[in-house]
2 protein chains.
Amino acid sequence: MQKQEHLTKNQQIVLDLVEKSSEPLKAYSILFNVQKKGLKAPLQVYRALDKLVEIGKIHKVESRNAFVACKNSSCQVSKATAFSICESCEKVTEINNSKLSKYLNNFQDNSGMKYSKYNLEFFGLCKKCKNK
Amino acid sequence: MQKQEHLTKNQQIVLDLVEKSSEPLKAYSILFNVQKKGLKAPLQVYRALDKLVEIGKIHKVESRNAFVACKNSSCQVSKATAFSICESCEKVTEINNSKLSKYLNNFQDNSGMKYSKYNLEFFGLCKKCKNK
DNA sequence: AATTTTTTGTTATAATATAACATTATGTAA
DNA sequence: TTACATAATGTTATATTATAACAAAAAATT
Ligand SMILES: [Zn+2]
Ligand SMILES: [Zn+2]
Ligand SMILES: [Zn+2]
Ligand SMILES: [Zn+2]
């Protein structure tokens, strides 16, 4: 079986929802929203999410346990992600900065470890919240 | 009340355990291990963890929902953390690299956001696991 | 000593995620 | 085109992680 190149029904339903959303979605909020489409159990959602993360269509924002659609040609299949997170309004934006990704993809320390993947989350106040 | 400079009993008990550990500890594993010392409920552990994270004595490894003691003079009170994580043996090491922290502390993009904090997690195979 | 703030103790419950197993669908190859 | 292997689904139950709400005790501030 060759590498999956099309999404299954459940995966497509979950992806559509996450892509439409202007904010990160939590798994159980996704579940609630796709129940009318027939996904009735948490596992159906988590399985779709797992696959979508694996193929880089979405990312998990770890500090928030929430999911966002990739805005960045699938981020080398989810191997290199960076986000900015506003600690006041919780707005999350995927950072697309080639200098940053280059720096991090090439990062090495003296541990002898070869890093194949990273996730970076920046926190602060967004423009709007800063001016309040 | 001035900023807390000593740890309370519960905080100290939890910190001692996390510092003794050679691997990241999960909250409920901590709970199990401190029950003989009188911390019987999850909240007692979570409260201690929250405070210890806040003052930079420990960090949360977000992708693992686990906690490690800071090895790095309390990481500017937990505002700038980086970890390397082996995806095979789950070994987690706090990265202490001044170039990296300088780069990330000074990072700016065009969003107008001022970042006051970051967390970075690198994934790969450690030396040991690579040679298997 | 009175006041405020922080920490604690406690019970209950919310939120997040996976185990286990049976079934169906899909891709691969003889 | 049938057998085989792999991947996806459906379902129930349960494990894991984390917080709400409230009362009481301890510590710092005035
Ligand atoms: Zn992306
Ligand atoms: Zn904001
Ligand atoms: Zn640290
Ligand atoms: Zn390893």
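Chain letters run A, B, ... following the sequence lines, proteins first, then strands; residues in each count from 1. Heavy atoms only: backbone and side chains are in, while hydrogens, waters and symmetry mates are out.
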- Message: Run V68(A) and T93(A) through side-chain contact (heavy atoms from CB on, under 4.5 Å) and show every step you take.
- Response: CA-CA 9 Å; V68(A) 294; T93(A) 310; over 6 Å; no
- Roughly, in whole Å, what's the span from CG in N10(B) to C1' in dG9(C)? 9 Å
- Query: What is the distance from atom NE2 of H6(A) to atom NZ of K9(A), rounded to the nearest 0.5 Å?
  - Reply: 12.5 Å
- Message: Using a 4.0 Å cut-off on heavy atoms, which residues in residues 21-46 of chain A reach DNA chain D? List them by number, or say none.
- Response: K40(A), A41(A), L43(A), Q44(A)
- Item | N97(A) CG to N110(B) CG distance, which is reported to the nearest 0.5 Å | 8.0 Å
- Between dA28(D) (C1') and H6(B) (NE2): distance, integer Å: 10 Å
- Query: At under 4.0 Å, does any side-chain N or O of T8(B) touch on OP1 or OP2 of dT8(C)?
  - Reply: yes
- Message: Does E19(B), at its CD atom, have more than 12 non-hydrogen atoms belonging to other residues, nucleotides or ligands within less than 6.0 Å?
- Response: yes
- Item | Pairs flagged by side-chain hydrogen bond (donor to acceptor under 3.5 Å, both in side chains) wherever residues 30-46 of chain B is involved - sequence neighbours left out | none
- Task: Would you check if the distance from the ring center of F83(B) to the ring center of F122(B) is below 6.0 Å?
- Result: no
- Query: Between atom CD in Q11(B) and atom C1' in dA26(D), what is the gap in whole Å?
  - Reply: 13 Å
- Item | Whole-Å gap separating P (dT18(C)) and CZ (R64(B)) | 11 Å
- Task: Report yes if a side-chain nitrogen or oxygen of K9(B) is closer than 4.0 Å to either non-bridging phosphate oxygen (OP1 or OP2) of dA25(D); otherwise report no.
- Result: no
- Note on the structure: Taking for F67(B) and for R47(B) the nucleotide of DNA chain D with the nearest heavy atom, the one nearer the 5' end belongs to F67(B)
- Query: Is any side-chain N or O of K51(B) closer than 4.0 Å to OP1 or OP2 of dT8(C)?
  - Reply: no
- Task: Tell me whether the OP1 or OP2 atom of dA18(D) has a side-chain N or O from N65(A) closer than 4.0 Å.
- Result: no
